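This report refers to the structure that appears directly beneath it.
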Protein chains: 2
Amino acid sequence: MSTIADVARHAGVSVSTVSYALSGSRPISAGTRTRVEASMKELGYQPNAMARSLAARRTQVIALLYPEVERGLGGTGGEFVRAAAERCREQGYQLVLWPFRSDEADQALTLARQGMADGVLVMEVVTDDQRVAKLEAARVPYAMIGRTTDAGTRPSVDVDFDTTVEQAVAHLVGLGHRHIGFVNHSQAMLDAGYGPTVRAAAAFDKAMTDRGLVPVSRTCEDSPVVGRAVTADLLDADPDLTAIVTMNELATFGVYAELHSRGLSIPGDVSVLGIVSSPGVGTLSYPPLTTMHSPGAALGRLAVDCLLGQLDPARAAVPNQLIPCVLEPGMSLGPARTRRGA
Amino acid sequence: MSTIADVARHAGVSVSTVSYALSGSRPISAGTRTRVEASMKELGYQPNAMARSLAARRTQVIALLYPEVERGLGGTGGEFVRAAAERCREQGYQLVLWPFRSDEADQALTLARQGMADGVLVMEVVTDDQRVAKLEAARVPYAMIGRTTDAGTRPSVDVDFDTTVEQAVAHLVGLGHRHIGFVNHSQAMLDAGYGPTVRAAAAFDKAMTDRGLVPVSRTCEDSPVVGRAVTADLLDADPDLTAIVTMNELATFGVYAELHSRGLSIPGDVSVLGIVSSPGVGTLSYPPLTTMHSPGAALGRLAVDCLLGQLDPARAAVPNQLIPCVLEPGMSLGPARTRRGA
DNA sequence: GCGATTCGTCGAAGCGCTTCGATAGCTATA
DNA sequence: TATAGCTATCGAAGCGCTTCGACGAATCGC
């Protein structure tokens with residue numbers, strides 16, 4: 001592997017000239033630049049990233065703390081990562097994923113303090129996230145996807161749960177539904193202060209009561225089996241129920257199963273709307289589920305900008321933003337029809 | 001952030017002594033070591049990873065080329081990553097994921113040539129994988145998950161498709177099935193030489209013909225809709241079919257849908273066995289799918305060992321290994337029952 | 001036509017660490 | 001007691017790059 005000194009020798013210029021030709025941080029004459037570039041190409045030169053980072057005191061790497069290792073990465077996560085990586089490259093950075101479980105966050109912090117990355121993107125933030133507190137204490141630049149309790153004061157981007165839930169309810173009410181059930185994530189996540197769970201629950205209550213309707217919501221493990229049981233419970237609790245909003249993809253399979261087994265047609269008897277879902281999951285069910293899917297790509301780009309805004313004082317700071325989900329039509333929504341009589 | 005020089009000064013020793021105390025690569029007296037460690041703690045010292053890598057000419061980082069960005073990372077992928085990361089740490093390395101699509105592989109190669117990692121793990125290898133050829137040309141140490149055509153000559157670990165398919169067929173035949181269909185991945189993947197698709201297809205043919213049975217197999221897009229159509233085609237093609245082996249998780253949803261819609265019970269009329277599947281997907285269907293799931297964790301550890309074996313001549317070289325899938329019982333398998341008569 | 005700029009380039013000083021060779025003080029050997 | 005062999009430590013030379021200050025040459029203003 002050739003070094004910058006080899007290139008300099010080959011081109012008959014000094015090392016610093018090669019460096020400036022490479023970075024463009026000082027003017028270089030066209031002739032020199034041409035010669036230097038020719039030499040680089042001929043020698044197959046690639047600058048050494050470690051040496052560069054050491055000298056420049058910046059790695060040009062940003063790390064994505066990636067806690068869902070064992071669960072894998074869903075479609076939304078994939079979109080997010082893809083968009084974030086792309087945005088990073090546009091801005092001259094590399095995105096790398098650090099696969100640590102949430103309880104291994106200290107190790108990630110250590111890596112950051114060792115200068116393995118210039119900043120960190122934190123996914124799956126919980127309301128009282130220790131990782132964020134530690135990053136802050138160690139003065140590691142970061143941006144969150146999700147929010148802690150002190151909404152808005154820390155650098156973050158997030159799904160706009162309030163708007164999403166509000167739109168979901170509005171949509172269903174527009175179809176004539178008055179009795180709408182909500183299937184959330186698990187009670188454990190609610191108790192742990194997992195942001196989406198907490199905020200969506202509150203938003204649903206608000207959206208319903210604002211319209212003078214009675215919110216019927218349930219927490220539910222992320223599994224089809226429990227989803228089915230919870231659906232049974234919902235249907236029994238409110239015999240007039242004509243629509244179910246789910247924010248739990250696995251449970252949604254159970255919702256379908258229970259409705260089918262009771263001979264209730266979708267959307268004839270009951271409409272189902274999956275919110276904050278991955279793109280494409282709607283097609284896994286029959287009839288295809290209508291969803292409002294997470295704006296993963298938009299969040300990815302935004303999160304990167306939010307972080308880079310802190311790394312480089314020259315960049316404009318990016319304000320914290322909330323982005324609602326996008327409706328993706330399926331076949332699971334229809335006008336309300338009285339069920340009790342049937 | 002304090003440097004090694006700060007620690008040396010604080011402890012009253014030379015910089016090299018601190019370095020040796022840290023690495024243990026030369027003997028240090030107990031007293032000195034204690035003092036150095038105390039100083040490090042007091043100053044909150046963290047060695048700078050870039051400086052270390054530059055001087056040592058090793059980053060202690062291994063990169064996982066992670067092509068499925070947009071699709072996300074399935075359960076098996078998650079298990080793999082998790083195990084690989086753990087194994088790396090045990091061995092004093094860090095695993096990072098590089099999110100590049102396959103067609104962006106050149107960028108990853110560039111990163112490797114810039115010395116961002118000591119070696120690369122390549123996922124989702126296709127039979128004639130350009131990435132591997134390029135890594136080899138650039139003399140970047142690597143290990144594959146999957147194999148190219150020249151099976152066995154290159155460093156790799158993989159699912160043992162032959163054994164898995166053989167066991168799957170043996171299992172079904174043991175239940176009395178003689179007419180077994182196979183749902184593979186898409187024709188496009190087969191044509192692209194995607195290893196699992198190619199090898200499983202061959203293995204299925206062999207397993208069946210070895211038993212004097214007629215293999216009925218189909219390629220199939222990774223989607224429930226196409227899976228359903230393909231299932232219809234299979235059932236029509238062989239009216240005696242009593243079992244279906246699928247190696248396509250999304251298509252399997254379609255298999256269930258078609259069977260259900262024809263009023264065929266699972267496993268009463270038709271048994272379904274999902275192979276090379278993610279753990280847990282079985283529970284998404286009703287009745288729960290019996291699966292043979294990928295040995296993701298075992299492959300993860302092995303892949304890391306295989307790569308480290310090349311990086312460090314002192315380590316024993318790890319031979320290429322194939323690991324079969326593991327049966328995970330569900331409720332979708334039963335004894336064969338003649339369907340034609342029904 | 002002469003000082004003041006600007007442009008393009010060079011040399012050198014680091015960045016924070018590892019590692020080689022040297023050395024001082026010991027202990028065991030003959 | 002002189003010699004060899006250890007052990008623990010130090011100093012210095014890099015690793016390959018960035019970046020600062022300096023400087024000669026070309027350009028400008030008037």
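Keep in mind that what you see is a predicted model, and the values were worked out from it rather than measured.
Taking atom CZ of B:Arg52 as the reference point, atom P of D:dG16 lies 18 Å away to the nearest angstrom. Counting to the nearest Å, the P atom of D:dT18 and the CZ atom of A:Arg57 are 12 Å from each other. Rounded to whole angstrom, the span from the CD1 atom of B:Ile28 across to the P atom of D:dC6 amounts to 19 Å. Look at CG on A:Leu54: it is 9 Å from C1' on C:dG14, rounded to the nearest Å.
Contact annotation: side chain of A:Arg26 to base of C:dT9, donor-acceptor pair present below 3.5 Å. Between the side chain of A:Ser14 and the base of C:dG11, no donor-acceptor pair of N or O atoms lies under 3.5 Å. At a cut-off of 3.5 angstrom, the base of C:dG8 holds no donor-acceptor pair with the side chain of A:Arg35.
Nucleotides of DNA chain D nearest to B:Ala56 and B:Gly12 differ in position, and the one nearer the 5' end is that of B:Gly12. Judged by closest nucleotide on DNA chain D, B:Val13 is the one of A:Leu22 and B:Val13 placed further toward the 5' end.
Taking a cutoff of 4.0 Å between a charged side-chain nitrogen and a carboxylate oxygen, A:Glu104 and B:Arg89 qualify as a salt bridge. A salt bridge does not link A:Glu37 with A:Lys41: every distance from a Lys NZ or Arg NE/NH1/NH2 to an Asp or Glu carboxylate oxygen is 4.0 Å or more. Between A:Arg301 and A:Glu79 there is no salt bridge, since none of the side-chain N atoms of the basic residue sits less than 4.0 Å from a carboxylate O of the acidic one.
Taking the side chain of A:Thr32 as heavy atoms from C-beta on, and the options C:dG8, C:dG11, D:dT18, the nearest nucleotide is C:dG8. The side chain of B:Thr3 lies closest to C:dC17 when the candidates are C:dC17, D:dG16, C:dT19.
Neither OP1 nor OP2 of D:dT9 sits under 4.0 Å from any side-chain N or O of B:Thr17. For B:Tyr20, no side-chain nitrogen or oxygen approaches OP1 or OP2 of C:dC17 to under 4.0 Å. Of the side-chain N and O atoms in A:Ser29, one or more sit less than 4.0 angstrom from OP1 or OP2 of C:dT9.
Between B:Leu322 and B:Val159, the shortest heavy-atom distance links the atoms CD2-O, 4.2 Å.
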